[in-house]
Novice: 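Here it is, the structure, as structure tokens.
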Amino acid sequence: MKYTKHQLEALNYRGGNLLIIACAGSGKTQVLSRRIALLVSEGTPRDSIVAFTFTDMAAGELKSRIRKEMANLQEDGLLEDASLGDMYVGTIHSFSLQLLKELDASYRNYEIIDEKRQAAIIVSQYENFGLEQLNGKSKIDTIKRFIETLEILYRENINADTLSNPVLVEAIKRYNNFLKSSPNCFLTFNEIIAELTLRLQMDNTLLNQVREKFTNIFVDEYQDVDDRQELLISLLSDTGRAVNICAVGDDDQAIYRFRGATVENILNFSTKYPNVKSIAMTSNFRSTHAVVEIANTAVSGCKIGRKNVPGLARRLPKTMEAKHYSVETDSFEETMSEHGDIWNCTFSSEDDEAEYVVDRIQELVGLPWNENGVERGLSYADMAVLCRSINYARPLMDELDKRDIKYIVKGAKGLFENREIKIIHTAFCLISNSQYVIPDPDRYNHYLFYDEAQTRDVLRTCIDFMRDTGRMPGADSNTFLAWIAQKSLLVSRMRTREDRERYNLPRRLYPQDIFYEMLEQLGANLAQWDEAILYNLGRFSELILAFESVHQWVTPSELYYFTYYLGYWVAREANDIKHQDIGGQNAIQITTVHQAKGLEWPVVFIPAMTSRRFPSQMRNAGDEHLLASSECLGRPRATDDATEVRERFDEELRLWYVALTRSKKFLYISGIERPKTHQSEFAANIRHNYVSTDPNIIFDRPNRIDSVVPIDATLLPTSFSDLSYYWNCPHDYQLRRLMGFSPGVSEGYGYGQQIHNFLALLHDTIVKNPTLVNDNWVDTQIDRHFNLRYTRGDPLDAMKAAAKRIIKRYIYDDPNLSSKVLKAEKPFEFIIGDALISGTIDLLNRVDHEDANDRVIELVDFKTGKLGEDLDVNARIESVTKQLLLYAIASEDALGYDPQLATAHFLCATSDHRRINIDLIDDAKEHMCPIK
């Protein structure tokens, strides 16, 4: 790996706190991973290093890069082993939850909910929270304002009890009580950070103990840190005095202000923290020179004739350059564009624009593309369409459908544009006898309402199209509607006790099971249906799981809440920021610019660059909340504040910069120019001699070759459960892990996890104070903490009693337990084959008491239930053998232990426990591979 002067400076600096200003495509992940590996090689303990990433996907990439760099140092003789050990690499939210669980056992029962789950709760608890008494324009408007109010209270650290509106105060109290009370035990991502920072601020002894663990904190995407996260970082590091901070980010890519991120954190880093070295990495190794220069001009400003085009009002000084390393000259050279690579065109209609874009897509497929020295033809997977809002992509999707070109729309908003999802959505509405409602794509904050006949027509039209185009060849609209009629009758009979008793029907239903019944009725052949369709259906399955996970008991009446949640909230408001892995499918990716951040493609289209769309016409609207103006110190209505007007314009400008810099080579910008509709000012300000503006110009292209889908070089994050699915059925693994098809919840869902939680608590207590452990301790802990979300009444009491019997029997079965226990719930991550495997080893026991370093260990994995209860005995033993062999590799390679023994411990409430000893063969790695 050849490093630039600035990259080497960032790698080698050891003088204190460090700010790395990393321009787009500047290799920040490589530098970050190499710097961490070098610190370890210099003697920095692995467990003293913390690296925060913005997403789980980014964490997986960083882990694999660190592991690779440590392996390189090991080969050079600078490092004994390349394991990550107890180094933390992940999101700040996961770190905080992990620490909370260590501090308080009750947090083991908490589940983290995202905004979609939060909305699902508020939708179904609307009246119970008293939200109908608040002053929203409508039910959905009140829900949106309530969620934004909760966000503001978090961002500005406002105590809800101080608010002037007693109805709002009561609604917030009811909401918080609902989340925290059993069996719910929910925490939002915001609350995780808030809970941890509060604990650390209130307990100096605890704060100092936590600080003593760390020597170096790395923060990736620092421009996206909000004030609460910044407070936690400051607490952990004693404002950079006790712990060195390495902040990596780019203020020009600060696009999450609407989520509470504060660009001031990176702008002011050098003044807030002591002894800061700032290094700007300005070489862009992704894009060509014209793309880079257009992006530079966008954020720095320029002059067109007599007109001054403003750049960002505030930014750290830097100028990005397009570079690549040349082997021939052994130097970094400029990466030049070619004429015909970049286009900026306008059209008289959206249909003309869509035709132009799809013409270019078809023209580029098979064009030679050199990637890491290997030539292949471009494929659909190499192309992305980036939109300010998915709503603007409808004409393009229609044109792609017309030409039978596969595409995937990322994000929940775009999901509901797909016909397969419309089929499922309308079917749920018909079954629950609720109105089919979808957002109006042409009017912001308006909806389209369909009566039953219109809903049936939408469903029939979609099914017929999918059948006639061969995408669902077994589907028949008449048969499906007949099944819906039967299912609707059954659901209606479940509503009253009299009908339930007459027809012997349950009171509870499971939306996920209904979903799978729908697929069966549609003639599902999941091995033959197109991957793009499966991907979309899998994401819908995840939405069902999101709803079911916060509704412990779904009745027929509550199925209405599910359809309301889908139509009013998810289809309009849900916008997944996480970067989703779509499994290397050969399809055009249609996504928002926000979701594209951190990603890159050889070909990028940015359509709908039209006035009022990008920059967004809604950017100056005030935050819609339920607070009095004097109570909210946050973003004011932009029309009332000149500074806020500029801030919101700059936010759009940064988003434009991010969109431009996703392109490696080909960039197509397009918009509409007609009376009363004009080209976006962002696009209109582009002036560059390599940009073509006449769509009729034809450039010579190389002869096309075979189109080949790019290989995703990123290691796939996985677990033993995922591998089990793969070993048993690769297609089942694909559906579950890559497509997102989710299992339904059952009455006993979570029982096994509860047993594991209490075993972990037991082992932790044994290590700290074994004299506390007795029958009374077991009864007290289980009575206090046992929690199942989907079980009530007698079944819940029976499972709690069974848990007590299991834990007590386990304690008394081994009188030497207290001297053996070393560590419980030991997390690990390691690389084998093409997978980054993560997991948790239930228990590490000592084997040799004379081993001062406690490196020789026994691995223990606990199973709830009798051996052979769920699988044939031989099949179960084979499965657990693979699992413990994998754990043996992990404990040796990733954690540095010497595993000598391995035991599968089967726990049962109604019979004796059974231990199965597993032979740890010397060639465990060869036995486990290949994992591909």
Side-chain angles (χ1 to χ4, degrees), residues 52 54-56 59 88 90-125 128-129 143 146-160 171-203 206 210 225-233 235-236 259-260 542 545-552 574 576-578 745 749-750 753-754 756-757 760-761 784-790 825 827 840:
F52 293 135
F54 189 58
T55 64
D56 291 326
Y88 178 82
T91 66
I92 195 169
H93 299 95
S94 296
F95 171 86
S96 299
L97 181 60
Q98 182 176 310
L99 191 52
L100 283 173
K101 288 179 178 179
E102 294 175 8
L103 300 176
D104 187 339
S106 64
Y107 285 104
R108 295 180 186 272
N109 279 330
Y110 276 84
E111 181 175 334
I112 308 308
I113 59 172
D114 57 15
E115 190 178 72
K116 291 193 296 294
R117 285 172 167 83
Q118 183 186 27
I121 290 171
I122 296 171
V123 164
S124 59
Q125 298 294 321
N128 292 336
F129 292 163
I143 291 170
F146 185 65
I147 290 176
E148 180 61 26
T149 298
L150 296 171
E151 178 70 23
I152 291 172
L153 297 184
Y154 161 78
R155 286 201 308 258
E156 300 182 14
N157 198 16
I158 298 173
N159 184 344
I172 293 171
K173 285 182 179 178
R174 293 183 183 182
Y175 163 82
N176 286 327
N177 289 337
F178 181 88
L179 258 61
K180 301 294 175 57
S181 63
S182 179
N184 300 319
C185 297
F186 297 129
L187 281 174
T188 65
F189 285 105
N190 286 343
E191 288 172 317
I192 302 170
I193 306 294
E195 295 250 348
L196 180 58
T197 52
L198 183 61
R199 281 177 172 264
L200 295 178
Q201 286 175 311
M202 294 178 63
D203 190 336
L206 174 63
V210 172
V225 167
D226 67 32
D227 286 340
R228 285 291 188 96
Q229 294 165 356
E230 170 63 18
L231 173 60
L232 178 57
I233 293 166
L235 284 170
L236 294 174
R259 289 269 176 172
E542 290 177 334
L545 181 63
F547 183 85
E548 286 189 322
S549 67
V550 295
H551 290 77
Q552 293 78 29
D576 293 327
I577 290 180
K578 67 178 182 179
V745 296
Y749 186 84
Q753 184 60 52
Q754 285 295 302
H756 278 75
N757 286 347
L761 179 60
R784 180 182 301 168
H785 298 302
F786 190 87
N787 187 63
L788 291 177
R789 292 189 179 89
Y790 309 101
E825 297 280 317
T840 301

Novice: Please answer whether the main-chain N or O of Gly90 pairs with a side-chain N or O of Ser94 as donor and acceptor at a distance below 3.5 Å.
Specialist: no
Novice: Would you kindly say whether Asn757 and Gln753 are connected by a side-chain donor-acceptor distance under 3.5 Å?
Specialist: yes
Novice: Can you list the residues that meet the salt bridge (Lys or Arg N to Asp or Glu O under 4.0 Å) rule with Asp227, with sequence neighbours excluded?
Specialist: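 Expected list: none.
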Novice: In plain terms, say whether Asp226 and Arg228 are close enough for a salt bridge, that is, a side-chain N and a carboxylate O under 4.0 Å apart.
Specialist: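 A salt bridge is absent here (no side-chain N lies under 4.0 Å from a carboxylate O).
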Novice: Distance from Ile92 atom CD1 to Phe54 atom CZ, nearest 0.5 Å?
Specialist: 11.5 Å
Novice: Can you list everything that forms a salt bridge (Lys or Arg N to Asp or Glu O under 4.0 Å) with Glu825? Sequence neighbours excluded, please.
Specialist: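 Not a single residue meets the salt bridge (Lys or Arg N to Asp or Glu O under 4.0 Å) criterion with Glu825.
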Novice: Is there a side-chain contact between Gln754 and Asn109, using heavy atoms and a 4.5 Å cut-off?
Specialist: yes
Novice: Are side-chain heavy atoms of Asn176 and Glu191 found at a separation under 4.5 Å?
Specialist: yes
Novice: Once rounded to the nearest 0.5 Å, what's the spacing between atom CZ of Arg784 and atom CG of Leu761?
Specialist: 9.5 Å
Novice: Enter the distance from Phe129:CZ to Lys173:NZ here, rounded to the nearest 0.5 Å.
Specialist: 15.0 Å
Novice: Pick from Ile192, Asp104, Leu196: which one makes a side-chain contact (heavy atoms from CB on, under 4.5 Å) with Leu99?
Specialist: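 Going through the options one by one, the only one that passes is Leu196.
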Novice: For the rings on Phe52 and Phe95, is their centre-to-centre separation under 6.0 Å?
Specialist: yes
Novice: Restricting to non-hydrogen atoms, name the atom on Leu187 and the atom on Tyr110 that form the minimum distance, rounded to 0.1 Å.
Specialist: CG-CD2, 3.5 Å
Novice: Are any non-hydrogen side-chain atoms of Gln118 and Leu150 less than 4.5 angstrom apart?
Specialist: yes
Novice: Closest heavy-atom contact between Glu230 and Val225?
Specialist: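 Smallest heavy-atom distance, with atoms named: N-CG1, 3.5 Å.
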Novice: For Phe178 and Phe186, I'd like to know if the aromatic rings sit close, meaning centre-to-centre distance below 6.0 Å.
Specialist: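 Centroid distance Phe178-Phe186: not below 6.0 Å, so no.
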Novice: Only counting residues at least two apart or in another chain, list the ones meeting side chain to side chain donor-acceptor pair (under 3.5 Å) with Gln201.
Specialist: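 Testing Gln201 for side chain to side chain donor-acceptor pair (under 3.5 Å), a comparison that skips the adjacent residues, returns none.
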Novice: Would you find a donor on one side and an acceptor on the other, under 3.5 Å apart, between the side chain of Arg174 and the backbone of Asn128?
Specialist: yes
Novice: With side chain to side chain contact (heavy atoms under 4.5 Å, CB included) as the test, would you mind laying out the steps for Thr840 and His756 before giving the verdict?
Specialist: CA-CA 11 Å; Thr840 301; His756 278 75; over 6 Å; no
Novice: To check you understand the geometry: which heavy-atom pair defines the closest contact between Phe547 and Ala120, and what is its length?
Specialist: CD1-CB, 4.0 Å
Novice: Are Asn190 and Glu151 close enough that a side-chain donor and a side-chain acceptor fall under 3.5 Å?
Specialist: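 Glu151 and Asn190 do have a side-chain donor-acceptor pair below 3.5 Å.
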Novice: Quick one: pull up CD1 in Ile152 and CD1 in Ile147 and give me the separation to the nearest 0.5 Å.
Specialist: 12.5 Å
Novice: Could you tell me whether the side chains of Glu195 and Tyr107 share a donor-acceptor contact shorter than 3.5 Å?
Specialist: yes
Novice: For the pair Asn184 (side chain) and Lys180 (backbone), establish whether a donor and an acceptor sit closer than 3.5 Å, ignoring hydrogens and angles.
Specialist: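 No, because the side chain of Asn184 does not come within donor-acceptor range (under 3.5 Å) of the backbone of Lys180.
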